[in-house]
Amino acid sequence: MKEYVIPEDKGRLLFYTGLNLVLMILLMAASIFSYAVSWYLVTFLCITGLWFVIKTMFKYGKKLLKNVPVCELKRNEIIIHSLPGKARTLTYKQIKEVKLLRGRASLKFFFSGKGVDHPSGWYYVGVVYPFQKGRLDEVEKNVTECLRKHGISINVVTKK
């Protein structure tokens, strides 16, 4: 059973996918042109940039099409989908401390505890809503409420 699911901003994912598509087309044209005039170093750099742009475009497009949430707060655990690779799972009993960094268009949650295997000792969950800034208050309220229900307090840091 899910207590609360933090969804991705579909507008942001669509915008980033489209922006990377346009950048891909521009890099393809630039690499073709630079190859035609024998600027091989520029061609190599354009093709290298093209690889990174395509990789990023597919990452955002996959999140958009598969409807992957940022994070799921379930009855006994938290599942973090925003980290690279497979989803990470933390039970509420494993969590020692939670910090929240509030920005203008984002909420950044940092989870610390026994199950965290990152070298910094924290898992990062970034809720970035550049096109839905009004929903950040709702997300913050629901996550805080859910964590307090499980006996976890949040240290809130407001970014200026």
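Here, residue 1 is the first one in the sequence, and each next residue gets the next number.
The shortest distance between side-chain heavy atoms of N67 and E8 does not fall below 4.5 Å. The side-chain heavy atoms of E138 and N142, taken from C-beta on, include a pair separated by under 4.5 Å. When side chains are defined from C-beta on, V157 does not count as touching R102, because their heavy atoms never get closer than 4.5 Å. Considering only heavy atoms from C-beta on, F15 comes within 4.5 Å of F131 through its side chain. In this structure the side chain of R88 never reaches within 4.5 angstrom of the side chain of I79, judged on heavy atoms. The shortest side-chain heavy-atom distance between Y92 and C146 falls under the 4.5 Å cut-off.
Nearest heavy-atom pair, A105 versus L136, reported as atom, atom and distance to 0.1 Å: C-CD1, 3.4 Å. Between K74 and H150, the shortest heavy-atom distance links the atoms O-NE2, 4.3 Å. Nearest heavy-atom pair across P69 and V5 is CB-CG1, 3.5 Å. Shortest non-hydrogen contact noted between I80 and C71 is CG1-SG, 4.3 Å. F111 approaches V98 most closely through the heavy-atom pair CD2-CG2, 3.5 Å. Among all heavy-atom pairs drawn from D9 and P130, the shortest one is OD2-CD, 3.5 Å.
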query = After noting the C-alpha distance and the side-chain angles of L50 and L23, does the key distance pass the side-chain contact (heavy atoms from CB on, under 4.5 Å) rule?
reply = CA-CA 8 Å; L50 189 63; L23 190 56; over 6 Å; no

request  = I would like to know whether Y129 and V139 meet side-chain contact (heavy atoms from CB on, under 4.5 Å); could you show each step before the answer?
outcome  = CA-CA 11 Å; Y129 287 172; V139 170; 4.0 Å; yes

Verdict with supporting geometry, K149 and E145, salt bridge (charged side-chain N to carboxylate O under 4.0 Å, His left out) = CA-CA 6 Å; K149 190 173 15 173; E145 201 175 281; over 6 Å; no

request  = Assess whether side-chain contact (heavy atoms from CB on, under 4.5 Å) is satisfied between K55 and K59, documenting all intermediate values.
outcome  = CA-CA 6 Å; K55 184 177 175 181; K59 181 181 85 170; over 6 Å; no

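The OH atom of Y40 lies 10.0 Å from the OG atom of S34; values are rounded to the nearest 0.5 Å.
With hydrogens and angles left out, the side-chain atoms of N76 and K93 include no donor and acceptor closer than 3.5 Å.
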